[in-house]
There are 2 protein chains.
Amino acid sequence: MNLKGLSQILGMSQTTVSRALNGYPEVSEKTRKKILAVAAEHNYSPNVRAKSLATGRTNTIGHVILTGDHHQMINPIFGDFIAGAGDVYSAENYEISLSIVKEADEEKTYRALKTRGTVDGVVLHGPKMNDSRIGLLQELGLPFVVHGRASGITSDYSWLDVNNTRAFQRATEFLIDLGHRRIGLFNGFEAMDFAHRRRHGYEKALQAQGIQIDPVIMRSEEMSDSNGYAATHEVLSLPNPPTAILTSSIISAFGVRRAVQDRGLEVGRDVSIITYDDGLSYLANGVDVPIFTATRSSVREAGHLLSQMLIAQIKGDVTGPQSKLLEAELTVGQSTGPAPVSA
Amino acid sequence: MNLKGLSQILGMSQTTVSRALNGYPEVSEKTRKKILAVAAEHNYSPNVRAKSLATGRTNTIGHVILTGDHHQMINPIFGDFIAGAGDVYSAENYEISLSIVKEADEEKTYRALKTRGTVDGVVLHGPKMNDSRIGLLQELGLPFVVHGRASGITSDYSWLDVNNTRAFQRATEFLIDLGHRRIGLFNGFEAMDFAHRRRHGYEKALQAQGIQIDPVIMRSEEMSDSNGYAATHEVLSLPNPPTAILTSSIISAFGVRRAVQDRGLEVGRDVSIITYDDGLSYLANGVDVPIFTATRSSVREAGHLLSQMLIAQIKGDVTGPQSKLLEAELTVGQSTGPAPVSA
DNA sequence: CATGCCTTTCAAAGCGCTTTGATTCGAACA
DNA sequence: TGTTCGAATCAAAGCGCTTTGAAAGGCATG
């Protein structure tokens, strides 16, 4: 059933029917009621392609996510992020267009999104330092909100981020207060903006106490379980091993935990662990008692808030760039304890 | 830049330009070359909405995934599945439309996908037994391929599935061969078709050896780390605890492992674990040495194959339902060993 | 040179909607 | 009774593309 058919059934013009369905005022309540009734009866819903061709709006938000060769991992937080955004999208009648692209095709993808007119705006995932995509999107004139920030970019843009620096500074301070002096940092790729900020917070806390920063117990790599596991074995085999480890993802934290236990050591006694926790639904940090002491900020909530910001921007409800900085909360779990007395 | 503009620059009709760009034969090589050059120079790409309005095709595949209230978890394998499908989609010039819906809105969503004309076909995720969506999609005439199968549905439809029954039968046999007689099963929700089949395989192997099936050491719930953890504590506290546990997901397997170790027991000696492994990129089953003995089938590969099947179907390259049954491979890791001699 | 037949190109219609600018109708007023 | 005005409705144009059916051009044939 299309508009034409519907209007013929009703014996009215397409104009009137269209107006009635879209809530315009220049149609009497009586006819509107009738039109709505008949539309429902015939299960009519407008062809979204035709509608967007006519209006120029698509009611679609683009999400571009990266996938490397088959060895590289897919962003594990995307699922929860999009679940949070999904609620907003359906409430506001937006659809999601998902593009899975290799890094080399990324720019091309954003350009195509614009010129092909598939989306009204995009969410920029995983910003890197000096991320060139920001300039690109500004040049294209495609509305966007960054999930994170991009150090080094001076122009104004919209973003939603967690205070990563503060979170890792706090976590490090917490460990120092427990007496730890040798603290490892297992971070994401340094090129990622969040990793950069986290390292910065970590270093700030160490420096404030005059503790030396030692690259030997720091890592910057994909935050998988296996990497956490391998790195833990490495640093614990050093002549001067860390007594605490700070990890950037609960996924790698599980690997750390596993390695510690495989070495016959006890988590929270021999080795303390603090992790950043995105609140992933399938990998919760315990149910009643937290497994790890963690700095936590829900990525699902981030998806929720960010999508609202983006839609407000697209609709023109706000003008100019907006930003929102969330604070992570530190929850103390079983994975931390006083630094062991050195033998 | 649009078609009209481009054709004016070229001094040709829109017809000719359109044909040249779409590779139709009724245009001379000379003009085609020229048109392609000018199109590239002006960075032209066709408006996808207009194109699909004109052709009736959308070059878009729909994926509908469920999200409950904010407590329920988002399907953790979706990311890897879509990464596998993504390669095919971009190679074939298809886009992805993602819908995040609550279970109650699911039927409405599929109907809307059809009547609003947003997609050419859909992937049906997470089929349940007697899944009503299959009948719905058939009624709507929307091409689809099921990722899994739906026991109880007798009509013909396209699907790609892993031989879940066989996989769990094999795994159970493997444990029995090691001397285990008391084997727990931590499965997904029983309503899910895959869980049903896995239980069936498990029971078949037990029955073949005359081992009694005991619901006390069986679970049917969300396959999260915490559920695996809690369930393990429960069954190991029983007067007659299992010596081996079979889990349906590597995520819950990690929880099982954690619980075993927290009780001071050793995995592979005191308690054996076999898990089903989807080959998730962020939660690999070890790198060199597998952590768990596992029946493995890559969900990424499934995404790859399934999307090819669906596109072939949409294009009309094949007629009638097609299906593909993948076998999971059993890899032996460190998590299994002979059943401990009872005290 | 006229005829016929490809090959190449074009004008125009159509996809399903929105929106502009016109038209109709009835009520209100002088 | 004629005029004015606002409310309700409509016909038609337009969004950017594809595709049908027609036309033009080139070339061999009789």
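Source: prediction; values computed, not measured. Chain letters run A, B, ... following the sequence lines, proteins first, then strands; residues in each count from 1.
The aromatic rings of A:Tyr282 and B:Tyr282 sit tilted, their planes meeting at an angle between 30° and 60°. By the 30° and 60° cut-offs, the orientation of the rings of B:Phe144 relative to B:Tyr157 is parallel.
Each of D:dT9, C:dT9, C:dC10 was ranked by its minimum atom distance to the side chain of A:Thr16; first place goes to D:dT9. With C:dG16, D:dC10, C:dT9 as the choices, the nucleotide that has an atom nearest any side-chain atom of A:Arg19 turns out to be D:dC10. Distance from the side chain of A:Glu26 is smallest for D:dT9 among the nucleotides D:dT19, D:dT9, D:dC15. Counting only heavy atoms from C-beta on, A:Thr55 has its side chain closest to C:dT19 among D:dC17, D:dT9, C:dT19. Relative to the side chain of A:Ser13, the nucleotides C:dT9, D:dA11, D:dG16 differ in distance, and D:dA11 lies closest.
For the pair B:Met12 CE and C:dA11 C1', the interatomic distance rounds to 16 Å; values are reported in whole Å. One can place CD of A:Gln8 at 14 Å from C1' of D:dA11, the figure rounded to the nearest angstrom. The NZ-P distance, from B:Lys51 to D:dC17, rounds to 9 Å in whole Å. Summarising the geometry, the separation between CG on A:Asn59 and P on C:dC17 is reported as 15 Å, rounded to the nearest angstrom.
Distances shorter than 4.0 Å separate some side-chain N or O of B:Asn22 from OP1 or OP2 on D:dT18. Between D:dT9 and A:Ser28, a contact under 4.0 Å exists linking OP1 or OP2 to a side-chain N or O. Residue B:Ser52 has no polar side-chain atom (N or O) positioned under 4.0 Å from OP1 or OP2 of D:dC17. Between A:Ser18 and C:dT18 there is a side-chain polar atom (N or O) within less than 4.0 angstrom of OP1 or OP2. Residue A:Lys4 places no side-chain N or O under 4.0 Å from the OP1 or OP2 atom of C:dC17. For D:dT19, the OP1/OP2 oxygens have a side-chain nitrogen or oxygen of B:Tyr24 closer than 4.0 Å.
Looking at A:Ser52 and A:Thr55, their side chains never bring a donor and an acceptor atom within 3.5 Å of each other. Neither side chain, A:Glu95 nor B:Ser97, offers a donor N or O lying under 3.5 Å from an acceptor on the other.
For the pair A:Gln14 and A:Pro25, both in contact range of DNA chain D, the more 5′-proximal nearest nucleotide belongs to A:Pro25.
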